[in-house]
Amino acid sequence: GITVMPIELNVEYGTKMNWASFYAIISGVNRHSTGIGRIWLSVLSIFRILVLVVAAESVWGDEKSGFTCNTQQPGCNSVCYDQFFPISHIRLWALQLILVSTPALLVAMHVAHRRHVDKKVLKMSGRGSPKDLEQIKNQKFKLIGALWWTYVVSIVFRIIIEVAFMYIFYVIYPGYKMIRLVKCDSYPCPNTVDCFVSRPTEKTIFTIFMLAVSGVCILLNIAEVLYLVGKACARHVHGSDGTSKAPWITQKLSSLKQNEINQLIADHSFRSKFKDTRKNPVEKGERCSAF
Amino acid sequence: MSWLTLYSQLTGVNKHSTSLGKVWLSVLLFFRIMILMLAAEKVWGDEKSEFSCNTLSPGCESVCYDHYFPISHIRLWCLQLIFVSTPALLVAMYVAYNKHGTKRVILRSGNENIEGDLKALKNKRLPITGQLWWIYFFSLLLRLLFEGGFMYALYTIYGSFYISRAVLCNVKPCENQANCYISRPTEKTIFTIFMVVSSSLCILLNLAELFYLIAKALIRSFQLSNRRQDCNHLASKFEEAIPMEKQTSPKY
């Protein structure tokens with residue numbers, strides 16, 4: 001089992017958990033994304049997170065205090081608000097953004113696992129110099145093999161979550177329109193009372209905007225899946241140039257062994273320049289057969 | 001996630017802009033984003049809570065406010081600034097893509113001074129020619145489109161840039177025509193005019209930059225065709241000269 005924490009999250013007490021730190025965590029995955037993935041991340045951060053923080057939150061700021069009912073009955077206001085707004089748009093969008101970004105952490109975990117195994121293999125082979133370890137930390141992995149599958153699965157999850165939230169929005173707020181007036185007759189309201197929602201037009205505009213950007217993100221994700229599948233098919237059709245179909249780990253070990261052999265042959269040829277050229281042929285053979 | 005994050009992304013593009021582009025970015029930051037953040041938001045802060053109508057009908061104020069302010073100025077300006085800043089990121093993406101390709105070439109070349117080369121690449125300023133020129137041009141067009149679009153939207157929704165002190169409202173459930181009073185109308189008018197003027201200034205800067213780019217491209221192609229003419233001229237002269245040399249020189 002893996003004993004090391006797969007994700008390198010520096011969560012200290014006192015680190016502010018806000019959208020900025022959220023964005024910092026997500027953009028860490030950026031290195032291993034495709035080009036479309038990076039565009040998706042920009043669209044997400046600028047047109048959704050930024051718009052949410054800078055504009056939408058102030059529109060929904062007074063949603064409860066601005067919700068007025070045509071009654072003086074205490075508690076009627078509160079109950080009617082709760083009946084018609086089980087969960088506010090803003091909270092739904094915040095949840096959506098957080099859940100949509102989480103599959104990217106699958107990829108981050110996979111990459112961290114690979115780096116961990118890489119380090120172990122290096123240490124086993126005895127070449128664990130700090131420089132090599134540092135190189136591993138900054139190494140960029142290609143999207144092939146198991147990492148490809150993880151990446152595609154993460155995008156599929158993203159699409160599912162986006163569509164699910166769009167559906168939830170539709171169910172809770174039919175037509176995506178914000179109603180101006182609601183008629184409420186739940187206890188303790190005496191009759192059917194008229195309740196007025198604050199800023200309905202502005203809220204409708206922002207709902208449609210966020211919906212449109214959501215749609216754009218879904219399209220980007222679908223495009224990314226098709227691109228990855230296309231690339232994989234092309235790779236199989238044209239035949240892998242020298243890369244075998246063996247799992248990544250055995251490839252790594254065999255390439256390491258080959259490097260070791262090459263290294264030793266190089267060392268040996270260097271040393272033999274200064275030694276007696278009449279070398280015992282058995283010794284050479286022994287060295288080579290060790291591998 | 002705030003305006004400053006967006007601005008820090010934009011300053012990355014600054015290196016590859018023309019000088020007019022850099023002026024545009026400064027105007028955007030100081031006259032629009034900062035003013036919006038530090039001043040305008042406070043002016044519009046109590047727009048709903050201080051909107052009072054001369055009526056006791058519950059809900060009348062809410063409905064009248066919604067009728068006269070379908071989308072608040074502040075939100076329009078926020079969206080405008082976000083949309084206007086985004087085309088510059090197209091340029092940033094292209095530059096990053098280009099540099100990534102060059103980086104791969106450097107890493108594969110196996111030169112001695114790889115680290116120095118990579119560092120030089122990182123700080124390199126790409127000339128605005130060829131593909132980059134077209135992308136830059138396209139981003140400028142988009143910027144102009146968004147600026148114009150949002151100014152038009154502001155004018156269409158509010159009719160004028162002047163905010164009156166009171167509005168007459170007879171939308172249901174208001175019983176009769178109720179007088180509704182807007183809070184801080186003069187201050188809002190001043191800031192609206194200020195933002196409109198800075199918007200127009202940005203539009204002018206973008207137009208100037210557009211013409212500058214086109215002019216530079218024309219001059220470049222003119223110089224190139226001149227050079228080609230000179231080359232052809234020289235080549236033809238050289239051809240004329242050679243047969244004469246062959247005749248006179250005994251070496252050949």
Side-chain angles (χ1 to χ4, degrees), chain A residues 18-24 26-27 30-31 35-36 38-39 41-59 61-63 65-72 76-77 97 140 178-182 193-206 209 213, chain B residues 1-10 33 36-37 41 44-49 51 56-83 85-86 88-90 92-94 96-97 100-101 103-104 107 153 157 171-174:
Chain A
N18 53 14
W19 287 112
S21 45
F22 174 73
Y23 175 68
I26 297 300
S27 52
N30 218 4
R31 275 192 89 222
I36 304 179
R38 291 188 189 145
I39 295 176
L41 188 69
S42 307
V43 168
L44 186 87
S45 67
I46 293 176
F47 289 102
R48 294 172 83 179
I49 300 181
L50 186 65
V51 167
L52 188 84
V53 168
V54 154
E57 277 189 352
S58 50
V59 176
D62 62 353
E63 50 179 336
S65 51
F67 185 79
T68 42
C69 291
N70 187 3
T71 179
Q72 294 221 333
C76 179
N77 237 337
L97 287 172
K140 187 190 166 185
M178 182 55 90
I179 21 174
R180 212 183 240 194
L181 166 76
V182 290
V193 295
D194 288 340
C195 292
F196 301 93
V197 178
S198 97
R199 310 182 208 246
T201 316
E202 208 166 357
K203 287 180 180 172
T204 310
I205 291 174
F206 273 95
F209 178 83
V213 181
Chain B
M1 216 52 213
S2 67
W3 288 115
L4 296 174
T5 340
L6 182 68
Y7 176 67
S8 61
Q9 295 215 351
L10 285 177
I33 297 182
L36 189 84
M37 260 175 58
E41 277 189 352
W44 268 267
D46 59 0
E47 51 178 337
K48 176 80 173 21
S49 50
F51 183 80
L56 283 177
S57 306
C60 178
E61 278 176 10
S62 208
V63 167
C64 285
Y65 177 81
D66 184 65
H67 185 254
Y68 281 99
F69 297 100
I71 178 167
S72 166
H73 290 75
I74 289 276
R75 254 74 67 184
L76 254 183
W77 288 326
C78 282
L79 283 176
Q80 181 176 10
L81 288 173
I82 289 175
F83 273 89
S85 314
T86 326
L89 297 177
L90 280 176
M93 276 196 250
Y94 174 77
Y97 171 72
H100 181 72
K103 197 177 171 185
R104 263 207 206 155
L107 285 172
I157 294 176
V171 189
K172 274 194 170 173
C174 303

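Quick caveat, the model's predicted, so the values are computed rather than measured. Throughout, a chain's letter reflects where its sequence line sits, starting with A, and its residues are numbered from 1.
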Heavy-atom pairs under 4.5 Å with chain B are the metric here; pick the option from A:F209, A:F196, A:F206 that has the most. A:F196
Consider side chain to side chain contact (heavy atoms under 4.5 Å, CB included). Of A:L44, A:L50, A:V51, which one does A:R48 pass it with? A:L44
How about B:C174 and B:C60 - are their SG atoms less than 2.5 Å from one another? yes
Looking at every non-hydrogen atom in both residues, tell me the closest pair between A:V54 and B:E41 and how far apart they are. O-OE2, 4.5 Å
Check each atom of A:S65 against the heavy atoms of chain B and say whether the ones under 4.5 Å are side chain, backbone, both or neither. neither
Chain B: which of A:G61, A:A55, A:G66, A:C195 shares the most heavy-atom pairs with it under 4.5 Å? A:A55
Between B:T86 and chain A, which part of the residue has a heavy atom less than 4.5 Å away: side chain, backbone, both or neither? side chain
Can you tell which of B:M37, B:K48, B:E61, B:R75 has the highest number of heavy-atom pairs within less than 4.5 Å of chain A? B:R75
Under the criterion side chain to side chain contact (heavy atoms under 4.5 Å, CB included), I'd like the reasoning laid out for B:F69 against B:W44: C-alpha separation, chi angles, the key distance, then a yes or no. CA-CA 12 Å; B:F69 297 100; B:W44 268 267; over 6 Å; no
Exercise: identify the closest heavy-atom pair between B:P70 and A:I205: O-CD1, 4.1 Å
Segment of A:S198 engaging chain B (4.5 angstrom heavy-atom cut-off): both
Pair count under 4.5 Å, heavy atoms only, with chain B: among A:V59, A:L52, A:V197, highest is A:V59
With a 4.5 angstrom heavy-atom cut-off, could you sort out which part of B:I74 is near chain A: side chain, backbone, both or neither? neither
Under 4.5 Å from any heavy atom of chain B - which part of A:R199: both
Side chain, backbone, both or neither: which part of A:D62 has a non-hydrogen atom closer than 4.5 Å to chain B? side chain
Which portion of A:C69 sits near chain B, non-hydrogen atoms under 4.5 angstrom: backbone
The interface call for A:F67 against chain B, heavy-atom contacts under 4.5 Å, is neither
